[in-house]
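A short write-up of the structure that comes next.
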Amino acid sequence: MEKRANPTRRRKSGFQMRISTKYAPRKVAESQVRSCIKDTSLTHEQMLDLYRYLKLTRLVEERIVNLYRQTKVVGGVYRSLGQEATAVGSAYALRPDDFITPIIRDLGAVFVKGIRPREIFAQYMAKAWGPSGGKDLNVHFGYMDKGFIGPISHLGDMIPVMTGILLGARMQKKDIVGLAYIGDGGASTGAFYEGMNFAAVQKLPLIVIAEYNHYAYSTPSTMQMAIRNLAERAAAFGIPGYIVDGNDVIACYEVTKHAVDYARKGGGAVLIEAKTYRRKGHAEHDDQRYVPDGEVEYWEKHNDPIDRFEKFLLDQKVATKKKLEEITADVMREIDEDSEWAESSPMPEAEGAAYGVFDNSIVPPAFRPKVLES
Ligand SMILES: Cc1ncc(C[n+]2csc(CCOP(=O)(O)OP(=O)(O)O)c2C)c(N)n1
Ligand SMILES: [Mg+2]
């Protein structure tokens with residue numbers, strides 16, 4: 001008689017067993033003030049470094065909003081308010097030669113990668129000295145030498161791009177890991193599935209951070225997906241999935257570090273879902289009228305990633321209040337200096353638009369003589 005596998009056993013070796021909730025958000029009573037996980041390999045110095053990045057992200061974004069209201073910013077302003085810990089904690093787990101590709105809510109990861117506030121201000125104001133020389137906005141720029149791959153707007157497409165980079169790196173015998181970010185909306189695209197699947201089959205060292213921040217534009221995640229957790233999709237690719245508390249910077253670091261070590265050792269791709277919340281609208285122009293009353297305020301009061309980390313640092317005696325204030329003052333000094341630098345920098349020359357976009361032998365006719373001369 002044909003032997004049939006025990007269905008219970010089969011389920012155990014399937015996706016249920018491969019999703020780890022070790023770093024997932026824990027339920028706490030409303031009266032309890034949340035902190036961060038204590039089980040960490042981070043040194044005190046590294047923790048203060050993380051704190052600096054969190055404050056830098058929040059305060060740079062606040063300054064950009066300020067500049068936007070003065071009509072000095074070109075295009076929209078996208079905030080990561082309330083979800084800064086996801087980007088900062090995860091990117092901090094990488095080596096400098098590893099690659100990242102952020103989405104719009106990951107300014108914190110961009111800073112961890114070594115990009116300076118002045119570059120972000122100049123980019124938002126479309127200045128000539130900005131990284132894309134006024135050709136594109138916000139985080140849409142890249143530096144290959146820093147392992148920073150600028151995203152294009154098309155959701156999902158950076159997953160197969162990063163997969164390709166990692167395949168190329170393997171062929172060149174380079175030992176790098178790639179970290180790609182995706183939103184709950186972006187994770188519904190075909191490109192996401194194709195990229196993840198290829199990375200899984202090839203056992204490429206791809207770490208994907210899927211940010212469950214409750215909205216894609218005005219669409220709540222419950223109308224975006226029929227499953228509860230994005231991490232469950234790991235089962236479809238045969239890779240490990242993790243759920244992490246995206247507002248706990250230490251948990252975000254630890255889970256990513258774990259995934260990075262696994263991927264670098266040849267384990268292959270990993271999907272990490274960060275549970276967080278987008279406290280602002282899609283962009284500054286969005287008044288969030290689709291958000292239920294009190295929801296934003298709830299997250300602000302009970303689950304702010306910076307408040308939580310400050311509580312952790314003080315409770316664990318990693319720093320005094322004075323030390324944290326000093327770090328913040330230092331960050332503000334840098335922001336003042338850098339935003340002034342960007343504001344006083346020039347706008348691009350019109351003909352610069354012809355360079356660095358297309359093959360210069362086929363530039364638009366109006367610019368052709370000048371470009372061919374040079
Ligand atoms: C393929 C594709 N479809 C639609 C859009 C328009 N769009 C830009 S951002 C966005 C919402 C993204 O939501 P999510 O992926 O959850 O990221 P979040 O903004 O929440 O960080 C949409 C629909 C796009 N850029 N690309
Ligand atoms: Mg989203």
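Start at 1 and go down the list; that is how both ligands and their atoms are numbered.
Gly186 N, 2.8 Å is the protein heavy atom nearest to atom 15 (O) of ligand 1. From the protein, the heavy atom lying nearest to atom 8 (C) of ligand 1 is Tyr217 OH, 4.0 Å. Nearest to atom 9 (S) of ligand 1 among the protein's heavy atoms is His282 CE1, 3.3 Å. Protein heavy atom at the shortest distance from atom 24 (C) of ligand 1 is Leu155 CG, 3.6 Å. At the shortest separation from atom 17 (O) of ligand 1 among protein heavy atoms lies Gly183 CA, 3.7 Å. Given atom 16 (O) of ligand 1, the protein heavy atom at minimum distance is Asp184 OD1, 2.3 Å.
Residues Gln288 and Tyr215 fail the side-chain proximity criterion, which asks for heavy atoms closer than 4.5 Å.
Listed by number with element, the atoms of ligand 1 under 4.0 angstrom from any heavy atom of His154 are 26 (N). Atoms of ligand 1 found under 4.0 Å from any heavy atom of Ser153 (numbered from 1 in listed order, with element): 24 (C), 25 (N), 26 (N).
Residue contacts with ligand 1 for Tyr215 involve N, CA, C or O but no side-chain atom from C-beta outward (heavy atoms, distance under 4.0 Å). Counting heavy atoms closer than 4.0 Å to ligand 1, residue Asn213 contributes side-chain atoms (C-beta onward) but none from N, CA, C or O.
In summary, the side chains of Thr276 and Asn247 do present a donor paired with an acceptor at a separation below 3.5 Å, with no hydrogens or angles considered.
A cation-pi contact links Lys146 to Tyr143, judged by a cut-off of 6.0 Å to the six-membered ring centre and 45° from its axis.
No option in Arg264, Lys265, Lys257 other than Lys257 meets the salt bridge (charged side-chain N to carboxylate O under 4.0 Å, His left out) test with Asp261. Test Arg116, Arg118, Arg333 against Asp338 for side-chain hydrogen bond (donor to acceptor under 3.5 Å, both in side chains) and you get one pass: Arg118.
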Begin from the C-alpha positions of Asn66 and Glu62 and carry the test side chain to side chain donor-acceptor pair (under 3.5 Å) through to its verdict. CA-CA 6 Å; Asn66 212 314; Glu62 280 178 11; over 6 Å; no

Walk me through whether Ser188 and Gln224 qualify under side chain to side chain donor-acceptor pair (under 3.5 Å). CA-CA 7 Å; Ser188 297; Gln224 184 74 242; 2.8 Å; yes

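Rounding to the nearest 0.5 Å places CZ of Arg279 at 9.0 Å from CG of Asn303.
Ion pairing of Arg233 with Glu273 is absent here, as no side-chain N (NZ or NE/NH1/NH2) approaches a carboxylate O to less than 4.0 Å. Arg105 and Glu211 are not joined by a salt bridge, as no carboxylate oxygen comes within less than 4.0 angstrom of a charged side-chain nitrogen.
Excluding waters, the protein N/O/S atoms found under 2.8 Å from the Mg ion (ligand 2) are Asp184 OD1, Asn213 OD1, Tyr215 O.
Residue-environment remark: CZ (Arg228) stays at or below the threshold of 12 foreign heavy atoms within 6.0 Å.
Not a single N or O atom of Arg278, backbone or side chain, sits closer than 3.5 Å to an N or O atom of ligand 1. An N or O contact shorter than 3.5 Å is missing between Thr189 and ligand 1 by distance. Polar contact with ligand 1: present for Gly185 (N/O pair, distance under 3.5 Å). Between Ile103 and ligand 1, no pair of N/O atoms sits closer than 3.5 Å.
Taking the six-membered ring for Trp and the full ring otherwise, Tyr298 and Tyr277 have centroids separated by 6.0 Å or more.
Residue pairs meeting the ring pair (Phe, Tyr, Trp, His ring centres under 6.0 Å) criterion with at least one partner in residues 154-205, sequence neighbours excluded, are Tyr193-Phe237.
Put simply, part of Arg105 is less than 4.0 Å from ligand 1, judged by heavy atoms.
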